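Structure, as structure tokens:
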Amino acid sequence: QGQPVESGGGSVQAGGSLRLSCRASRYTDARACVSWFRQAPGKEREGVAASSPADTNRYYADSVKGRFTISRDNQDTVYLQMDNLKPEDTAIYYCAVVPAKYVCFLAWSRSDVIENWGQGTQVTVSL
């Protein structure tokens with residue numbers, strides 16, 4: 001398996017937007033449950049959003065509902081559109097595939113089940 005590759009991070013002011021991308025051939029295809037996680041300094045890695053296999057369902061952490069949108073295209077790329085960003089969104093963002101043995105809606109936010117992590121992409125939101 002290859003590692004996912006995240007991109008699209010950067011520095012923005014509060015209220016701004018960023019779109020993150022994640023791709024890894026044979027890794028983020030339509031059959032996979034794909035999650036976005038983030039980790040802020042001194043904090044645990046947390047699940048932010050997920051797309052179930054075939055993008056049938058999407059899941060979001062309460063802290064980002066209404067502001068972040070996860071989506072996929074037909075070329076195995078998973079996106080995280082982040083709008084109305086807040087300083088507390090500052091973190092390194094990672095995408096990851098939930099192993100197929102887990103049910104997506106139960107495991108999407110569990111960092112302990114992830115077997116492969118990418119390098120992540122830094123998102124910094126300033127006032």
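In this text, all values refer to a predicted model and were calculated from it rather than measured experimentally.
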- Message: Looking at E44, I want to see if its CD is surrounded by more than 12 non-hydrogen atoms of other residues, nucleotides or ligands under 6.0 Å.
- Response: no
List the atom of [X], the atom of [Y], and the distance in Å for their closest heavy-atom pair.
{"X": "T69", "Y": "Y60", "result": "CA-OH, 3.4 Å"}
{"X": "W36", "Y": "S21", "result": "CH2-O, 3.6 Å"}
{"X": "C22", "Y": "P4", "result": "SG-CB, 3.8 Å"}

- Task: Using side-chain contact (heavy atoms from CB on, under 4.5 Å) as the criterion, list what pairs up with Q39, not counting sequence neighbours.
- Result: R45, Y94
- Query: What residues form a side-chain hydrogen bond (donor to acceptor under 3.5 Å, both in side chains) with R67, not counting sequence neighbours?
  - Reply: D89
- Note on the structure: With sequence neighbours left out, the residues meeting side-chain hydrogen bond (donor to acceptor under 3.5 Å, both in side chains) with S11 are none
Show me the donor-acceptor pairs, under 3.5 Å and distance only, between side chains in residues 118-127 and residues at least two apart or in other chains.
| unit_1 | atom_1 | unit_2 | atom_2 | d |
| --- | --- | --- | --- | --- |
| T121 | OG1 | G9 | N | 3.0 |
| Q122 | NE2 | A91 | O | 3.4 |
| Q122 | NE2 | T124 | OG1 | 3.4 |

A side-chain contact here means heavy atoms from C-beta on lying under 4.5 Å apart; do [X] and [Y] qualify?
{"X": "S17", "Y": "M82", "answer": "no"}
{"X": "L20", "Y": "S7", "answer": "no"}
{"X": "L80", "Y": "Y93", "answer": "yes"}
{"X": "F68", "Y": "N84", "answer": "no"}
{"X": "S71", "Y": "R19", "answer": "no"}
{"X": "I70", "Y": "Y79", "answer": "no"}

- Mind checking the CD-CD spacing from E115 to Q3? Nearest 0.5 Å is all I need. 12.5 Å
Which atom pairs, donor and acceptor, lie under 3.5 Å between side-chain atoms of residues 50-57 and protein residues at least two apart or in another chain?
| unit_1 | atom_1 | unit_2 | atom_2 | d |
| --- | --- | --- | --- | --- |
| S51 | OG | D55 | OD1 | 2.6 |
| S51 | OG | R72 | NE | 2.8 |
| S51 | OG | R72 | NH2 | 3.4 |
| S52 | OG | T56 | N | 3.3 |
| S52 | OG | N57 | N | 2.7 |
| S52 | OG | N57 | O | 3.2 |
| D55 | OD1 | R58 | NE | 3.1 |
| D55 | OD2 | R58 | NE | 3.3 |
| D55 | OD2 | R58 | NH2 | 2.7 |
| T56 | OG1 | P53 | O | 3.1 |

- Message: Using the rule given for side-chain contact (heavy atoms from CB on, under 4.5 Å), can you reason through V48 versus R38, listing the C-alpha separation, both sets of side-chain angles and the distance that settles it, and then say yes or no?
- Response: CA-CA 7 Å; V48 173; R38 67 185 180 188; 3.5 Å; yes
- Could you tell me if the ring centre of F37 sits under 6.0 Å from that of W117? yes
- Please test V97 against N116 for side-chain contact (heavy atoms from CB on, under 4.5 Å), starting from the C-alpha separation and ending with a verdict. CA-CA 8 Å; V97 171; N116 289 286; over 6 Å; no
- Query: Other hydrophobic cluster members with F105, side-chain heavy atoms of Ile/Leu/Val/Met/Phe/Trp/Tyr under 4.5 Å, chained?
  - Reply: Y59, V103, L106, W108
